Amino acid sequence: MKAVGLTDFGGPEALEILDLPDPVAGPGQVLIRIHAAAVNPTDALIRSGTHVKMFGRTAPPPYVPGMDAAGVLLAIGEGVETDLNVGDPVIAFIAPNGSYGAYSEMLAVPANSVVKAPRGMNHVEASTILMNAMTARLAIDLLGLKPGNTVLISGAAGTFGGYAVELAKEDGLVVIADASEADEGAVKGFGADVVLRRGDDLAGRVRERFPDGVDGAIDGALFNERLAPAVRDGGTVITLRMQTGEADRGVKLVPVRSKLHSEERNKLDGLRRLAEEGKLTIRVAGTYPKERAGEAHQRLEQGGLRGRLVLEF
């Protein structure tokens with residue numbers, strides 16, 4: 001089968017077409033013919049070698065990125081009990097390792113990391129849901145807030161941030177979000193109760209509106225400890241790049257690692273259902289054939305995307 005990956009870490013040009021052995025569904029696995037894979041920031045960390053610096057090398061090259069896949073179920077392995085049938089359109093949350101990644105024509109994956117694709121969506125649209133939505137779901141869960149509590153979500157116009165706003169509203173939270181003037185309408189459309197102008201002084205402007213601070217924060221914009229002043233004493237900021245520690249006033253920085261939860265099928269299916277019901281806004285910023293994966297990564301690193309780029313296989 002063909003896959004997109006790399007043998008040496010580097011820039012977008014390091015991505016190349018690889019010939020890899022066809023996978024087979026083993027015990028507890030299902031085999032997927034992948035038709036679309038979303039391009040996420042984590043994929044760029046894998047490609048550049050930053051991911052290895054953060055977590056260590058766990059498998060030899062080649063490295064195939066990709067955490068979000070959509071396609072068709074080809075086979076069901078031994079011992080799998082599932083509501084899925086061969087031929088079903090499916091989506092999968094992939095925890096990549098070595099040559100195991102979503103940028104592949106086929107992949108054998110744990111059955112619990114796969115759910116039916118939302119009805120009415122094509123492969124490209126469906127591939128943009130699970131990783132970002134699951135990360136947002138876990139971030140909200142880590143805060144442990146109650147309906148009516150306040151949560152600040154930075155980077156709210158991005159894919160992860162948009163899902164975080166929508167899921168927080170599903171939980172009955174009061175959402176304070178940031179946005180540029182151009183993105184304010186979209187962020188309000190996600191359900192944000194208060195939209196503040198994005199920028200380095202976000203925490204100060206939050207305190208102007210909420211003098212005691214918000215109950216918790218989810219940091220999609222990678223402010224890290226700079227967002228801590230916006231949070232009440234003893235509160236929590238959820239971070240995305242393994243930033244951890246304690247800031248002033250007992251405010252904790254707590255990282256979320258969604259790949260450790262890639263087989264929590266009930267949560268994955270709940271996110272699929274919300275997307276099917278139109279409660280998660282699907283945004284595709286563009287598509288590329290697998291042969292132009294390097295161009296997709298170049299565009300990703302330019303920033304400013306509102307939605308996910310998708311590779312088609």
Side-chain angles (χ1 to χ4, degrees), residues 1-40 42-49 51-52 55-82 84-117 123-124 126-127 130-131 259-260 262-263 265 268 287-297 309-313:
M1 69 161 186
K2 302 294 184 183
V4 174
L6 56 144
T7 54
D8 292 306
F9 300 123
E13 70 282 354
L15 293 170
E16 59 181 328
I17 300 295
L18 305 172
D19 286 303
L20 297 177
D22 289 351
V24 176
Q29 295 182 322
V30 297
L31 180 66
I32 302 172
R33 170 59 171 98
I34 294 174
H35 290 286
V39 178
N40 286 293
T42 300
D43 304 345
L45 298 181
I46 293 172
R47 187 211 70 228
S48 68
H51 201 266
V52 165
F55 302 109
R57 190 186 303 266
T58 57
Y63 299 103
V64 177
M67 301 184 74
D68 268 319
V72 174
L73 194 69
L74 291 182
I76 299 173
E78 180 183 350
V80 173
E81 295 183 7
T82 181
L84 302 174
N85 297 298
V86 171
D88 283 348
V90 294
I91 52 178
F93 182 3
I94 309 301
N97 186 30
S99 61
Y100 173 82
Y103 290 10
S104 309
E105 290 182 330
M106 293 188 291
L107 206 61
V109 303
N112 283 335
S113 67
V114 182
V115 297
K116 291 181 180 179
H123 294 309
V124 168
S127 73
L130 285 185
M131 194 281 278
K259 68 177 292 184
L260 302 179
S262 63
E263 296 183 47
R265 193 168 189 266
L268 296 176
T287 61
Y288 292 79
K290 62 181 182 295
E291 293 82 6
R292 294 172 57 198
E295 293 179 42
H297 273 234
L309 302 173
V310 178
L311 300 180
E312 295 188 276
F313 289 81

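Model, not experiment: these values are computed from the prediction.
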Flag, side chain of [X] to backbone of [Y], donor-acceptor distance under 3.5 Å:
| X | Y | result |
| --- | --- | --- |
| R47 | A14 | no |
| R265 | V115 | no |
| D88 | L73 | no |

To the nearest 0.5 Å, what is the distance between [atom1] ([X]) and [atom2] ([Y])?
| X | Y | atom1 | atom2 | answer |
| --- | --- | --- | --- | --- |
| N112 | L268 | CG | CG | 9.0 Å |
| L6 | S99 | CG | OG | 11.5 Å |
| I94 | L130 | CD1 | CG | 9.0 Å |
| H297 | R292 | NE2 | CZ | 13.5 Å |
| M1 | D22 | CE | CG | 7.0 Å |
| D43 | L309 | CG | CG | 10.5 Å |

field: Criterion side-chain contact (heavy atoms from CB on, under 4.5 Å) on L20 and K2, from CA distance to verdict
entry: CA-CA 6 Å; L20 297 177; K2 302 294 184 183; over 6 Å; no
task: Tell me, with the steps shown, if L18 and V64 meet side-chain contact (heavy atoms from CB on, under 4.5 Å).
output: CA-CA 9 Å; L18 305 172; V64 177; 4.2 Å; yes
Please list, one pair per line, the donor and acceptor atoms closer than 3.5 Å that link side chains of residues 29-36 to other protein atoms, with sequence neighbours excluded.
unit_1, atom_1, unit_2, atom_2, d
Q29, OE1, G26, N, 2.8
R33, NH1, E105, O, 3.4

- prompt: Is there a donor-acceptor contact under 3.5 Å linking the side chains of N97 and Y63?
  reply: no
Check [X] against [Y] and note the closest heavy-atom contact, atom names and distance.
| X | Y | result |
| --- | --- | --- |
| A37 | A102 | CB-O, 3.5 Å |
| A95 | S262 | CB-OG, 3.9 Å |
| E312 | V124 | OE2-CG2, 3.5 Å |
| Y100 | P110 | OH-CD, 3.3 Å |
| L74 | M106 | CD1-SD, 3.7 Å |
| V39 | A296 | CG2-CB, 4.3 Å |

query: What residues, two or more places apart in sequence or in another chain, satisfy side chain to side chain donor-acceptor pair (under 3.5 Å) together with S48?
result: T50
query: Among all residues two or more places apart in sequence or in another chain, which pass the side chain to side chain donor-acceptor pair (under 3.5 Å) test with N40?
result: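 Testing N40 for side chain to side chain donor-acceptor pair (under 3.5 Å), a comparison that skips the adjacent residues, returns D68, N132, R308.
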message: Taking the side chain as everything from C-beta on, heavy atoms only, tell me whether K259 gets closer than 4.5 Å to T42.
response: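 In short, these two side chains do not touch, never coming nearer than 4.5 Å.
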- request: Check the pair V109 / V114 against side-chain contact (heavy atoms from CB on, under 4.5 Å), numbers first and verdict last.
  value: CA-CA 8 Å; V109 303; V114 182; 3.2 Å; yes
